[in-house]
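Remember, predicted model here, so these are calculated numbers, not experimental data. Each ligand, and each atom within it, is numbered from 1 in the order the structure gives. Starting from 1, each residue takes its place in the sequence as its number.
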Amino acid sequence: MTNDLSRRALLRGVGAAALAAPLAGWLTGCSRTAVPGTAGAGQDLLTTARKQGYLRVGIANEPPYTKVESDGTVTGAEPDVLREVCKRLGIKDVQGIITPYASMIPGLKANRWDVIAAGLFMKQSRCAEVAYSEPVIVSTESFAVKPGNPKNITTVASVLANPQLKIAVLPGGFEDGILKTAKLPDAQFVKVDDGRSGIEALRSGRADAFFLPTLSLTALRAKDTDFDITPAVGDAPRTGSGAAFRPENKAFVDAYNKELAAFKDTPQFAALLSKWGFDAQAAKGVTAAELCKNPG
Ligand code: 6CS
């Protein structure tokens with residue numbers, strides 16, 4: 001991912017599908033090479049990525065986890081770490097493709113992108129489908145609530161205790177999963193597409209709270225201050241994520257983890273995470289195996 005990534009290289013979900021289809025058609029049309037990095041490919045993902053000069057990465061555009069600048073540059077804590085480790089692996093560029101969290105794993109499996117670096121938090125069901133690198137970030141969850149938190153929404157238990165409450169979540173997101181695992185009735189969910197529409201649902205009264213990572217809500221509050229953010233939700237699982245690859249690209253993940261471990265020991269890693277509001281020490285203190293025990 002170069003910092004002068006052109007808009008052309010930054011594709012929305014649909015664009016990516018359009019691009020991937022002819023590309024995939026082109027690649028699978030060639031007897032020599034299947035789609036890069038997938039089972040049966042003439043070359044493994046690392047060789048292919050080095051040769052073609054880039055990896056395609058699924059992102060969300062939810063600062064500080066992922067952020068797309070006005071000139072199309074893809075950044076944020078996870079893509080910035082991915083870019084640094086890719087450089088160490090001899091992969092010059094990374095192309096970002098924006099997609100909803102619910103589409104990230106299906107798109108990875110369909111080879112619309114080669115990796116997910118979006119703060120896709122580790123939990124049992126996801127860890128069963130992808131090969132995660134070791135954790136890059138650890139974070140917390142919070143509720144955005146009306147000023148003064150009039151309905152006293154502070155924990156998952158407080159939501160379960162009041163059947164009148166409506167909670168906005170991103171469909172297929174980690175928070176959606178937490179409430180589903182807790183058996184919150186469907187009628188209490190309000191599905192929203194992204195951070196902005198979650199705050200809109202709160203403001204309009206369609207939802208009594210918006211459930212999202214604490215740092216994402218803090219970033220949203222930089223623009224609108226007409227809501228409060230609860231302290232970290234005590235009965236939500238500890239969240240953490242790393243880059244997610246296709247299981248068949250395990251050789252790549254092993255090489256990636258080796259370089260990531262070296263990078264995590266540098267002051268540059270700590271500075272990069274701190275720039276986005278994350279604690280590098282916290283990411284060093286946990287493993288993917290531990291975070292993959294998260295329910296759901
Ligand atoms: O892992 C997830 O699904 C969640 N991750 C982030 C960074 N934001 C919301 C999303 O639900």
So for ligand 1, is Arg126 a polar contact partner (N or O within less than 3.5 Å, distance only)?
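Between Arg126 and ligand 1, an N or O pair is found under 3.5 Å apart.
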Considering non-hydrogen atoms of the protein only, which is the closest contact for atom 10 (C) of ligand 1, and what is the distance?
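Ranking protein heavy atoms by distance from atom 10 (C) of ligand 1, first comes Glu175 OE1, 3.6 Å.
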So which heavy atom in the protein is nearest atom 5 (N) of ligand 1, and how far is it from that ligand atom?
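So the nearest neighbour among protein heavy atoms is Gly119 O, 2.9 Å.
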Out of Glu62, Lys123, Glu141, whose heavy atom is nearest to atom 8 (N) of ligand 1?
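Among Glu62, Lys123, Glu141, the closest heavy atom to atom 8 (N) of ligand 1 comes from Glu62.
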For ligand 1, which atoms, with element, lie under 4.0 Å from some heavy atom of Leu120?
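Matching atoms, with element in brackets: 1 (O).
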Would you tell me whether Thr154 and Thr230 have side-chain atoms, one donor and one acceptor, within less than 3.5 Å of each other?
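Judged by distance alone, the side chains do not pair up.
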Go through the steps to decide whether Phe210 and Leu220 satisfy the test side-chain contact (heavy atoms from CB on, under 4.5 Å), and finish with yes or no.
CA-CA 12 Å; Phe210 176 32; Leu220 285 165; 4.3 Å; yes
For ligand 1, is Ser241 a contact, meaning one of its heavy atoms is under 4.0 Å away?
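Judged by the 4.0 Å heavy-atom criterion, Ser241 does not count as contacting ligand 1.
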Check for me whether the distance between the ring centres of Tyr256 and Phe245 falls short of 6.0 Å.
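When the ring centroids of Tyr256 and Phe245 are compared, they turn out to be within the sub-6.0 Å range.
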Write down the atom of Leu291, the atom of Pro135, and the distance for their closest heavy-atom approach.
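Taking every non-hydrogen atom into account, CD1-CG, 3.7 Å.
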Contact check, side chains of Leu260 and Glu84, non-hydrogen atoms, under 4.5 Å:
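No; the side chains remain at least 4.5 Å from each other.
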Which bit of [X] gets closer than 4.0 Å to ligand 1, counting heavy atoms only: side chain, backbone, both or neither?
X	answer
Phe121	both
Pro213	side chain
Phe174	both

Could you tell me how the ring of Phe121 sits relative to the ring of Tyr65: parallel (under 30°), tilted (30 to 60°) or perpendicular (over 60°)?
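Because their plane-to-plane angle is over 60°, the rings of Phe121 and Tyr65 count as perpendicular.
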Decide whether a cation-pi geometry holds between Lys87 and Phe263; the criteria are a distance under 6.0 Å from NZ or CZ to the six-membered ring centre and an angle within 45° of the ring axis.
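Not satisfied by the 6.0 Å and 45° rule.
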